[in-house]
Amino acid sequence: MNPTTGLNSISDALRAWVGRTFAHWQGDLTGGLTAAVVALPLALAFAVASGVDPKAGLYTAIVAGIVAAVFGGSPVQITGPTGAMAVILVGIVAKYGIEKVWIAGVMAGIIQVALGVANLGRLVKFIPYPVTAGFTNGIAVIIFGGQLNNFLGLQLPRSDHFLSGLWQTLTHLELWNGAAIALAVVVIVIKLFWARVTTAIPGSLVGLVTATAIATFFHLHVPTIGSIPQALPMPQSIPHWNDFGLIRELINPAVALAALGSIESLLSAVVADGMTVSEKHNSDRELIGQGLANIVVPFFGGIPATGAIARTAVNVRSGGKTRLSGVVHGVALAIIVLTLAPLAAQVPLAALAGILMVTSVRMIEWDAIGLLLRATYADFSVMMLTWMVTLFFDLVLAVEVGLIAAGALFIKRMSELSLGKVPETEVFPPGVPLELTKQIAVYRVDGPVFFGAAERFVTFLRDEPEVKYLILRLRYVPNMDTTGLVALEDIYQDLERRHCRLLLSGLQPEVQTLLERSGLLDKIGREHCFETTDAAICALNPALAVCQRGDAANLSSNEWVA
């Protein structure tokens with residue numbers, strides 16, 4: 001190839017990339033700057049909620065925000081510390097310490113990259129709605145309860161579990177600080193009602209500045225976040241990262257961080273897709289981008305991060321359309337750290353508590369609670385089960401238990417809905433002898449065959465011992481898995497033992513191929529498989545008038561005539 005031609009191709013590709021990146025630079029600049037303003041108090045608040053220095057939250061928002069924006073699969077996703085991640089981190093920090101959290105964060109990032117490379121990003125779409133609503137509500141309650149300590153102005157040591165920390169706070173209520181409570185209330189009121197004044201400036205930032213100004217002016221004795229270095233995050237080494245014994249110890253926290261980070265980031269990307277008409281997200285690439293961010297950020301003193309739904313929504317609503325908006329968000333936060341770090345040191349912890357309390361109340365899926373109550377009590381029970389396990393145990397176990405409960409419920413529904421006996425009046429024409437209607441039973445199966453339906457045939461045979469022929473309508477069964485195949489074979493063998501013949505009608509190509517490969521079709525007998533249920537009945541009793549006319553195959557069961 002001509003070197004000049006190759007250089008021209010690279011140049012053209014580079015110009016095209018620059019053109020795409022900066023095509024919407026004005027909207028990206030506005031969106032990124034607005035998201036940075038919103039992210040500033042939240043990064044501080046979620047770092048405190050995680051049990052780490054506030055600077056770690058800022059460093060996370062800067063580094064992870066830029067890395068995930070460049071390498072992630074969503075063009076408008078804003079990444080940083082979040083409340084859901086704080087719920088897990090506070091326990092890990094209390095148990096292991098910040099240095100081990102860095103190691104767990106790198107491990108979690110590697111797991112996320114592996115999930116993305118394995119094309120498993122789409123699996124998040126299969127998490128049932130009651131499960132996501134349940135753990136989201138659980139996270140909200142934990143965040144709210146975890147901030148009572150700062151709301152009351154207490155300085156109690158952190159606990160490794162939500163309930164023990166809550167109990168510790170409730171047993172020390174006599175130590176409450178009135179000034180801290182007053183500042184928190186001021187922030188809550190401002191955050192709740194500021195939107196009526198303007199939406200150009202976020203209420204959380206206004207409340208934070210107001211509370212800090214009040215505390216400084218009146219010299220209030222309330223806990224503050226402390227000093228923040230007026231410097232950019234710089235690379236550092238992670239102690240003991242090559243200790244394999246420690247890696248084995250941290251594998252469970254790493255899996256928890258990876259699972260939660262993946263779920264929240266992909267859910268946030270889906271929300272962003274619904275708000276924009278631009279390029280939709282690539283779930284596998286998003287996992288890779290989030291994983292790379294979590295691998296890199298511990299080397300800059302940060303904590304594991306995820307895609308943030310609220311900040312992503314602000315970015316989109318403010319005009320962000322490409323990855324440039326996420327980069328702008330990170331750079332803007334870096335500039336804020338360089339210029340305003342001394343002022344941030346005076347921020348009262350009670351002000352951050354007020355912000356997080358309002359955020360947690362808004363996190364609760366109130367609409368989901370009402371919807372599930374109106375829909376089915378079974379789905380509502382799955383949500384409540386996931387919610388309670390989140391509160392009393394941990395988030396990962398809650399997701400596991402919720403998925404198991406939802407799966408069991410799904411199988412139960414399929415076993416109930418996929419099988420139903422067709423009434424004699426819909427199968428037989430008027431005037432057919434009563435003996436014939438008692439000897440033939442027709443069951444309709446809708447949807448994939450599930451093993452839960454097998455037991456119903458056994459019950460049916462006990463209740464109707466006079467039946468000599470069982471016809472299964474399989475017209476609306478598009479596929480069958482191995483479990484369904486084994487269940488069908490069990491049904492066939494049970495019928496044989498009871499001297500009852502099994503006939504099949506309306507086999508779909510995929511199901512027929514599976515039965516042929518397994519040999520079950522030959523066991524049942526190809527002569528016992530029919531195109532229609534009417535043809536099967538005619539084969540059992542050719543004396544019917546409609547069978548003698550030869551047009552049974554063209555009639556549905558409710559079109560029979562004597």
Side-chain angles (χ1 to χ4, degrees), residues 74 82-85 87-88 111-112 115-116 118-143 255-274 280-281 283-284 286-287 290 306-307 309 360 362-419 446-453 478-481 483-484:
S74 174
T82 62
M85 193 63 83
V87 168
I88 289 185
I111 294 172
Q112 286 180 293
L115 292 175
N119 297 321
L120 297 177
R122 294 178 180 85
L123 290 182
V124 72
K125 298 178 182 178
F126 296 99
I127 298 178
Y129 181 65
V131 177
T132 58
F135 75 69
T136 300
N137 291 342
I139 289 169
V141 174
I142 290 175
I143 292 174
V255 170
L257 293 171
L260 179 60
S262 301
I263 292 172
E264 187 173 13
S265 296
L266 293 177
L267 289 177
S268 175
V270 170
V271 171
D273 284 351
K280 302 303 180 183
H281 85 281
S283 54
D284 295 323
E286 181 64 21
L287 284 183
Q290 294 291 334
T306 72
I309 295 177
S360 64
R362 290 176 175 172
M363 278 181 66
I364 294 180
E365 301 275 0
W366 301 106
D367 292 339
I369 296 173
L371 174 63
L372 294 174
L373 271 174
R374 293 191 301 271
T376 65
Y377 289 118
D379 285 336
F380 180 77
S381 299
V382 171
M383 182 194 71
M384 292 302 301
L385 176 63
T386 309
W387 192 343
M388 292 301 105
V389 175
T390 302
L391 294 180
F392 289 95
F393 297 95
D394 63 70
L395 192 59
V396 176
L397 180 62
V399 174
E400 293 172 350
V401 171
L403 287 174
I404 292 172
L409 180 61
F410 177 74
I411 292 172
K412 179 178 182 295
R413 286 170 173 167
M414 289 299 100
S415 66
E416 293 173 348
L417 298 178
S418 64
L419 176 67
D446 296 325
V449 173
F450 287 84
F451 60 85
N479 54 66
M480 182 186 299
D481 61 9
T483 306

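The line from CG of Leu260 to OG1 of Thr82 is 6.5 Å long, rounded to the nearest 0.5 Å. Atom CD1 of residue Ile139 and atom CE of residue Met363 lie 5.5 Å apart, to the nearest 0.5 angstrom. Rounding to the nearest 0.5 angstrom, the gap separating the CG atom in Leu287 from the CD1 atom in Ile263 is 10.5 Å. Distance check, rounded to the nearest 0.5 Å: CG of Leu257 to CD of Gln112 gives 8.5 Å.
Heavy-atom minimum distance, Ala256 versus Ile88: O-CD1, 3.8 Å. Of all heavy-atom pairs spanning Leu391 and Gly138, the tightest one is CD2-O, 3.7 Å. Residues Met85 and Glu264 share a closest heavy-atom pair of N-OE1, 4.3 Å. For Ala133 against Ala368, the heavy-atom pair with the smallest separation is CB-CB, 3.9 Å.
The closest donor-acceptor contact from the side chain of Asp379 to the backbone of Leu372 lies at 3.5 Å or more, if one exists at all. Put simply, the side chain of Thr306 never gets that close to the backbone of Gly261: no donor and acceptor are under 3.5 Å apart. A donor-acceptor distance shorter than 3.5 angstrom exists from the side chain of Ser262 to the backbone of Ala258, with no hydrogens or angles considered. Using a distance-only test at 3.5 Å, with no hydrogens or angles considered, no donor-acceptor pair links the side chain of Glu286 to the main chain of Leu266.
Not counting sequence neighbours, Thr386 has no partner by the side-chain hydrogen bond (donor to acceptor under 3.5 Å, both in side chains) test.
Other residues, nucleotides and ligands contribute more than 12 heavy atoms inside 6.0 Å of the OH atom of Tyr129.
Of the listed residues (Val131, Asn137, Thr136), just one forms a side-chain contact (heavy atoms from CB on, under 4.5 Å) with Trp387, and that residue is Asn137.
Between Ile369 and Met383, the closest side-chain pair of non-hydrogen atoms falls below 4.5 Å. Val141 places none of its side-chain heavy atoms less than 4.5 Å from the side chain of Ser360. Phe393 has its side chain out of reach of Thr390: every pair of non-hydrogen atoms, C-beta onward, lies at least 4.5 Å apart.
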